[in-house]
Amino acid sequence: MKESLIYNFFDDDQLLRITNHIKEIEKSTSGEICVSIREKRKFGERKLSIRGLAEKEFLRLGINKTRDATSVLIFILLQERLFYILADEGINSVVPVNTWEIIKEEMQRLFERGEFSKGIIHGVNRVGEILIEKFPLKPDDVNELSDRVKLS
């Protein structure tokens, strides 16, 4: 059996650390953070941009269905070494336009040094800072999405 490409970049401990980091940040915000790591695009997706793939994943995972539209997806396509940060409309309406591009550039610098887990955790932290500031935890908050890193 061919070994998963994901394990060329991450081990189980690193994936668990990312998941636990998301869980910890979400204790202080009503927003949701989702990390999805995909090995490669499907045949029918070959003409989609990385943004198009992220939008498709956003819908597939139900990230668009959170109560206050305050979710962020960090989507990674390993084989092509591409990634995209996609936020729901509730967040995009209150953050500067270039917010996600700045965070993406910071993550990219870590990825270029081979620090993939560290890059994702940095991105999760930066997204978390924004969510905690703009969308503090509400008394009736429910964790609407799994904190677990999605692998496919």
Side-chain angles (χ1 to χ4, degrees), residues 5-39 48-152:
L5 179 63
I6 289 169
Y7 291 104
N8 291 341
F9 293 86
F10 308 97
D11 61 33
D12 288 334
D13 188 51
Q14 290 170 321
L15 294 170
L16 182 61
R17 259 197 306 269
I18 295 166
T19 294
N20 289 338
H21 212 70
I22 293 168
K23 193 174 296 191
E24 195 58 38
I25 287 172
E26 287 186 4
K27 288 179 182 177
S28 303
T29 178
S30 59
E32 299 282 338
I33 301 170
C34 186
V35 173
S36 177
I37 303 172
R38 187 178 315 167
E39 289 194 8
L48 288 178
S49 66
I50 187 66
R51 180 188 172 104
L53 289 169
E55 289 170 346
K56 194 173 173 183
E57 187 74 350
F58 202 83
L59 297 174
R60 185 183 79 79
L61 294 173
I63 298 170
N64 60 316
K65 294 180 179 168
T66 59
R67 178 178 68 178
D68 298 320
T70 54
S71 300
V72 177
L73 170 66
I74 298 174
F75 176 74
I76 299 167
L77 186 60
L78 289 177
Q79 190 176 54
E80 297 175 42
R81 303 207 180 193
L82 297 173
F83 70 103
Y84 197 85
I85 301 171
L86 183 63
D88 212 337
E89 58 193 31
I91 298 171
N92 282 334
S93 66
V94 298
V95 299
V97 176
N98 65 340
T99 299
W100 312 121
E101 195 57 39
I102 291 168
I103 295 171
K104 184 178 177 214
E105 288 170 8
E106 293 169 359
M107 291 173 66
Q108 184 68 40
R109 283 194 285 278
L110 291 163
F111 290 165
E112 286 169 356
R113 295 196 312 242
E115 297 175 320
F116 302 106
S117 176
K118 198 174 190 179
I120 293 173
I121 288 174
H122 177 80
V124 167
N125 278 336
R126 294 281 279 120
V127 168
E129 290 168 5
I130 293 165
L131 293 179
I132 290 166
E133 177 192 340
K134 304 284 187 187
F135 305 97
L137 191 64
K138 295 179 178 180
D140 64 342
D141 186 66
V142 176
N143 189 8
E144 298 177 78
L145 300 171
S146 168
D147 300 328
R148 196 163 188 219
V149 176
K150 309 332 176 254
L151 303 175
S152 58

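Since the model is a prediction, treat every value here as computed from it, not as a measurement.
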Approximate separation, where rounding is to 0.5 Å, of [X] [atom1] and [Y] [atom2]:
{"X": "T29", "Y": "L131", "atom1": "OG1", "atom2": "CG", "result": "4.5 Å"}
{"X": "I130", "Y": "I91", "atom1": "CD1", "atom2": "CD1", "result": "8.5 Å"}
{"X": "Y84", "Y": "L77", "atom1": "OH", "atom2": "CG", "result": "14.5 Å"}
{"X": "S28", "Y": "D141", "atom1": "OG", "atom2": "CG", "result": "10.5 Å"}
{"X": "I50", "Y": "R81", "atom1": "CD1", "atom2": "CZ", "result": "13.5 Å"}
{"X": "N64", "Y": "F58", "atom1": "CG", "atom2": "CZ", "result": "6.0 Å"}

Checking [X] now: which residues fulfil side-chain hydrogen bond (donor to acceptor under 3.5 Å, both in side chains) with it, not counting sequence neighbours?
{"X": "K138", "value": "D68"}
{"X": "S30", "value": "none"}
{"X": "E80", "value": "R41"}
{"X": "R109", "value": "none"}

Q | Residues, nucleotides or ligands: over 12 heavy atoms within 6.0 Å of R67 CZ | A |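 Yes.
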Test item: [X] and [Y] side chains (from C-beta on) under 4.5 Å apart, heavy atoms:
{"X": "Q14", "Y": "I121", "answer": "no"}
{"X": "L61", "Y": "L145", "answer": "no"}
{"X": "E32", "Y": "V72", "answer": "no"}
{"X": "I120", "Y": "I76", "answer": "yes"}
{"X": "I37", "Y": "F75", "answer": "no"}
{"X": "I6", "Y": "L78", "answer": "yes"}
{"X": "L16", "Y": "N20", "answer": "yes"}

**Q.** Closest non-hydrogen atom pair, I63 against S71
**A.**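 Taking every non-hydrogen atom into account, CG2-CB, 3.3 Å.
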**Q.** Minimum-distance pair of heavy atoms, taken over all atoms of I74 and G123
**A.**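 Shortest heavy-atom separation between I74 and G123 comes out as CD1-C, 4.0 Å.
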Between [X] and [Y], is there a donor-acceptor pair closer than 3.5 Å when you use the side chain of the first and the backbone of the second?
{"X": "E26", "Y": "I33", "value": "yes"}
{"X": "T99", "Y": "V95", "value": "no"}
{"X": "D147", "Y": "I22", "value": "no"}
{"X": "K134", "Y": "I132", "value": "no"}
{"X": "K150", "Y": "S146", "value": "yes"}
{"X": "E39", "Y": "L5", "value": "yes"}

Residue list, salt bridge (Lys or Arg N to Asp or Glu O under 4.0 Å) with [X], at least two apart or on another chain:
{"X": "E57", "value": "R38, R60"}
{"X": "R126", "value": "E106, E129"}
{"X": "K56", "value": "E45"}

(Q) Per the ring pair (Phe, Tyr, Trp, His ring centres under 6.0 Å) rule, what does the pair list look like for residues 115-134, sequence neighbours excluded? (A)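 As it turns out, the ring pair (Phe, Tyr, Trp, His ring centres under 6.0 Å) pairs with a partner in residues 115-134, which skip direct neighbours, are F9-F116, F111-F116.
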**Q.** Contacts of type side chain to side chain contact (heavy atoms under 4.5 Å, CB included), residue E101, not counting sequence neighbours
**A.**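 For E101, the residues satisfying side chain to side chain contact (heavy atoms under 4.5 Å, CB included) (neighbours in sequence not counted) are K104, E105.
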Q: Could I get the full list of side chain to side chain contact (heavy atoms under 4.5 Å, CB included) partners for E112, not counting sequence neighbours?
A: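 Q108.
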**Q.** Qualifying salt bridge (Lys or Arg N to Asp or Glu O under 4.0 Å) pairs with a residue from residues 12-25, counting only residues at least two apart or across chains
**A.**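 Those involving residues 12-25 are D13-R17, E24-K27.
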Q: Provide the full list of salt bridge (Lys or Arg N to Asp or Glu O under 4.0 Å) pairs with a residue in residues 85-97, sequence neighbours left out, each pair given once.
A: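 Checked against salt bridge (Lys or Arg N to Asp or Glu O under 4.0 Å) - neighbours excluded - no pair reaches residues 85-97.
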